[in-house]
Engineer: 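I have a structure I would like to understand better, so I am pasting it below and will then ask my questions one at a time.
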Number of protein chains: 2
Amino acid sequence: MKRVTIYDVANEANVSLATVSRVINGLEIVREDTRIKVQEAIEKLGYKPNAVAQGLALQKTTTIALVVPEASFNVTGQIINGLLDVAKIYKYSIVLHTTTEGILEINETIENIIKSRVDGVIIYNDKLLYDELSELKRYQYPIVLIGNKMSDDSIASVFVDIEKASYDIARAYLDANKNNIAIIEDRKNPFAISQMVKGVERAFEEANKNSFTFVKIPSNYRSSYEFLKGYFKDHRHDLILTHRDSQALATINAASENNVLVPQECEVICMIDTKYNSMVRPQLSSIVIPSYDLGAVAMRIMTKLLHNEALSEKEIELSYVFNRRQSSLINL
Amino acid sequence: MKRVTIYDVANEANVSLATVSRVINGLEIVREDTRIKVQEAIEKLGYKPNAVAQGLALQKTTTIALVVPEASFNVTGQIINGLLDVAKIYKYSIVLHTTTEGILEINETIENIIKSRVDGVIIYNDKLLYDELSELKRYQYPIVLIGNKMSDDSIASVFVDIEKASYDIARAYLDANKNNIAIIEDRKNPFAISQMVKGVERAFEEANKNSFTFVKIPSNYRSSYEFLKGYFKDHRHDLILTHRDSQALATINAASENNVLVPQECEVICMIDTKYNSMVRPQLSSIVIPSYDLGAVAMRIMTKLLHNEALSEKEIELSYVFNRRQSSLINL
DNA sequence: AATAGAACCGAAAGCGCTTTAATTGATAAT
DNA sequence: ATTATCAATTAAAGCGCTTTCGGTTCTATT
């Protein structure tokens, strides 16, 4: 099937390409009757503008690149949903990139992004990637960060203040004199974990108490579950804080294996809320981070950046809610 | 920062653009010393080819469109991961589209896909979308379907035979004289559910038994949980089959609320395996569908389609495994 | 009826690349 | 030394669109 071009439409309607271009873009003045003539030609031929050619002529692609760690996590999915929904409104396309750890692969990703001449890039990644960012910044790409704010506030970002969330929780528990708090720690989410630690630390300092516990676990469910089964044989805590829901589940299951009752003997709270949190028993208490909104707001900011709308602030903090369910006892 | 074009490189290296083009594409003959000269110029200027211009000149974009229902499901995430991994190998980009129910929105999606001049489209969607497909086919897009095969085998597809899986399960239970089987049914996954029903039906026919039960539930967790709590007050089944893990969890939780023991008094099996299946208690028995592979294979097929490699068969069936965990008793 | 000004439209250049056909330069054959 | 041959390179056209700059046609005014 021969692709129909703007040229064919112009022929069919007996006008020049310039005119056809004007009616498809709809901005400039075209007389009503010629507009109709052109519309009809478009309809008749089934003409659809070639976005690639438009991209070349306009020097923009109405496409933005989204970089995420892995698509399989619930949060990532929600972020993508939010992002896509507002992208749709503003008629942007999203090309998806995943980054694994290797610096080589990251470079390749960046390279591809640059080649593809997207209009901007949105990054959701728990690791600090300052170097890669600077490469992107050299090319003056509009960038929006999801989840972690940069110390360098030249980059727009949307995030939730995990530090504060952890502080609030720790504070509440210390106030109730439940001082034996542990943080589950893996190496996969260094930024998030470091924020959690900071928050808890601050609470301990203010309460003039010291020493909470770090529990380093392997980075997948199965082995961390096994590890924790052993751990609980000779350790007890009032509260265990985890980052991900899977870690909380490993904790709860391991505890139960050791006849440690959750929440009566040990409370568990995680920092991520997925739909599974209320499907499991005991239902998981957690900080509810508005993942969908993170994505949606990030994309909205991107459109502002691209259309030169004013940004009231570069760093947007979304608020969280603490959702106490069955795995913990204290309300905030 | 002024974007550096192939022209700048040509100037810098004192050759024509044609030569530069040849060295970046690496196929045609260029004398060693001029190749090096050009490479150096590229390096020095930091030149990165403009994929948009290439796309226009070559009439292909090395981009393929992926259409999914929603990104937030675990399966979808896995599919995306598989797809991206092989896309990376073959240097394709993926632009992501979600389709909600509305036909209008679907049309808009198709429209956007066509405008964007992607090289092909991969669709994962439980609803039959024959009409939209035919529109896509008019434009001769290479299409790969994930999950559901078309009666019309002109379209390539990768799928798992859910009908057979359900048949196998029903068969095993009928053989054990556990005849009281129910299928949980929602309206969100018509295709998958219809396959399940067919399989169970076939098993009943062969066993010369009749009547299994349909339990129609609302389409979200919360209300189906509430509904099932009521349902269990005056209904009992030997086996309950659900499509999604969330439905199985709703079933188990509702049963437990009514003091129905799973699996002793009622067994539960679902057709989708997510990492949560082994994190919850009782651990969920399920058909393990290789979601990651579905995505990976689909993308691989797409590359074959695009490079005119021979396809041994248009419809590729991946095999599943039954993973008995704690929510059911019979092995297959 | 003549004309200024506005409204509308077309020609052509340009976006950054690929690729074919033509040209150059070098080498081998006569 | 001259020509035929071949490898390496270039010039230029084309991919499908946007947009500036002029030109043409209307409309309104006197």
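Throughout, a chain's letter reflects where its sequence line sits, starting with A, and its residues are numbered from 1. Note that the structure is a prediction, hence the values are computed from the model and not measured.
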Engineer: Decide if atom CD of A:E43 counts as having more than 12 heavy atoms of other residues, nucleotides or ligands within a radius under 6.0 Å.
Structural biologist: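 No - once you tally the heavy atoms of other residues, nucleotides and ligands closer than 6.0 Å, there are 12 at most.
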Engineer: Report which part of the nucleic acid A:T5 touches: base, sugar-phosphate, or nothing (heavy-atom distance under 4.0 Å, all strands).
Structural biologist: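 Sugar-phosphate, no base atom in range.
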Engineer: Could you tell me how far apart A:I24 (CD1) and D:dG16 (P) are, to the nearest whole angstrom?
Structural biologist: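 Going from A:I24 (CD1) to D:dG16 (P), I get 13 Å.
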Engineer: Just the rounded figure in Å: distance from P of C:dG16 to CZ of A:R117.
Structural biologist: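 Taking CZ of A:R117 and P of C:dG16, I get 8 Å after rounding.
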Engineer: Answer yes or no: does a side-chain N or O of B:Y7 lie under 4.0 Å from OP1 or OP2 of D:dT10?
Structural biologist: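 The answer is no; no side-chain N or O of B:Y7 sits under 4.0 Å from OP1 or OP2.
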Engineer: For B:N50 and C:dG16, what is the distance between atoms CG and C1' respectively, to the nearest whole Å?
Structural biologist: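 Going from CG in B:N50 over to C1' in C:dG16 covers 6 Å.
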Engineer: Identify the residue among B:L66, B:V297, B:I122 that makes a side-chain contact (heavy atoms from CB on, under 4.5 Å) with B:M302.
Structural biologist: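 That would be B:I122.
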Engineer: Taking B:K88 for its side chain and A:T98 for its backbone only, find out whether a donor-acceptor pair lies under 3.5 Å.
Structural biologist: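 The answer is yes, because a donor-acceptor pair under 3.5 Å joins these two groups.
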Engineer: Using a strict 4.0 Å threshold on nitrogen-to-oxygen distance, state whether A:R35 and A:E32 make a salt bridge.
Structural biologist: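 Yes.
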Engineer: Do A:E12 and A:Y47 make a side-chain contact, defined as non-hydrogen atoms from C-beta onward lying under 4.5 Å apart?
Structural biologist: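 No, every pair of side-chain atoms sits at 4.5 Å or beyond.
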Engineer: Measuring from B:K44:NZ to B:D8:CG, what's the distance to the nearest 0.5 Å?
Structural biologist: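 Output value for this atom pair is 11.5 Å.
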Engineer: Could you give the NZ-to-C1' distance, from A:K115 to C:dG16, as a whole number of Å?
Structural biologist: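 Those two atoms, NZ and C1', are 15 Å apart.
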Engineer: Taking only side-chain nitrogens and oxygens of B:Q54, does any of them come within less than 4.0 Å of OP1 or OP2 of C:dT18?
Structural biologist: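 Yes, because at least one side-chain N or O of B:Q54 sits under 4.0 Å from OP1 or OP2 of C:dT18.
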Engineer: Give every pair of a protein N or O atom and an N or O atom of nucleotides 8-12 of chain C that lie under 3.5 Å apart, one pair per line with the distance.
Structural biologist:
residue : atom : partner : partner atom : Å
C:dC9   : OP1  : A:T34   : OG1          : 3.1
C:dC9   : OP2  : A:R31   : N            : 2.8
C:dC9   : OP2  : A:T34   : OG1          : 3.4
C:dG10  : OP2  : A:S16   : N            : 3.0
C:dG10  : OP2  : A:S16   : OG           : 3.2
C:dG10  : OP2  : A:T19   : OG1          : 2.5
C:dG10  : N7   : A:R22   : NH1          : 3.4
C:dG10  : O6   : A:R22   : NH2          : 2.3

Engineer: NZ of A:K60 versus P of D:dG16: gap in Å, rounded?
Structural biologist: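 Spelled out: NZ on A:K60 to P on D:dG16 is 22 Å.
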Engineer: Over how many whole Å does the gap from A:Q59 atom CD to D:dT18 atom P extend?
Structural biologist: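 It is 13 Å, rounded to the nearest whole Å.
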Engineer: In this structure, how many angstroms lie between the P atom of C:dG16 and the CG atom of A:L56, rounded?
Structural biologist: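 Checked: the CG to P distance equals 7 Å.
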Engineer: Pairing donors with acceptors under 3.5 angstrom, does anything connect the side chains of B:Y90 and B:R300?
Structural biologist: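 Yes, because at least one side-chain N or O of B:Y90 sits under 3.5 Å from a partner of the opposite role on B:R300.
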Engineer: Classify B:L58 by what it touches in the nucleic acid, base, sugar-phosphate, or nothing, heavy-atom distance under 4.0 Å.
Structural biologist: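 If one applies the 4.0 Å heavy-atom cut-off, B:L58 turns out to touch the sugar-phosphate alone, with no base involved.
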Engineer: Quickly work out the B:D8 CG to C:dC15 P distance and round it to whole Å.
Structural biologist: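 Distance, rounded to whole Å: 11 Å.
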Engineer: Check B:T63, B:L56, B:L58 against A:V52 for a side-chain contact (heavy atoms from CB on, under 4.5 Å) and give me the one that passes.
Structural biologist: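 For A:V52, the side-chain contact (heavy atoms from CB on, under 4.5 Å) check succeeds only for B:L56.
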Engineer: Take the C1' atoms of the five end pairs on each side of the helix from C:dA1-D:dT30 to C:dT30-D:dA1, get both axes, and report the angle to 10 degrees.
Structural biologist: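 The end axes of the helix from C:dA1-D:dT30 to C:dT30-D:dA1 are about 50° apart, to the nearest 10°.
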Engineer: Looking at B:K60, I'd like to know if its NZ atom is crowded, meaning that more than 12 non-hydrogen atoms belonging to other residues, nucleotides or ligands lie closer than 6.0 Å.
Structural biologist: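 12 or below, so no.
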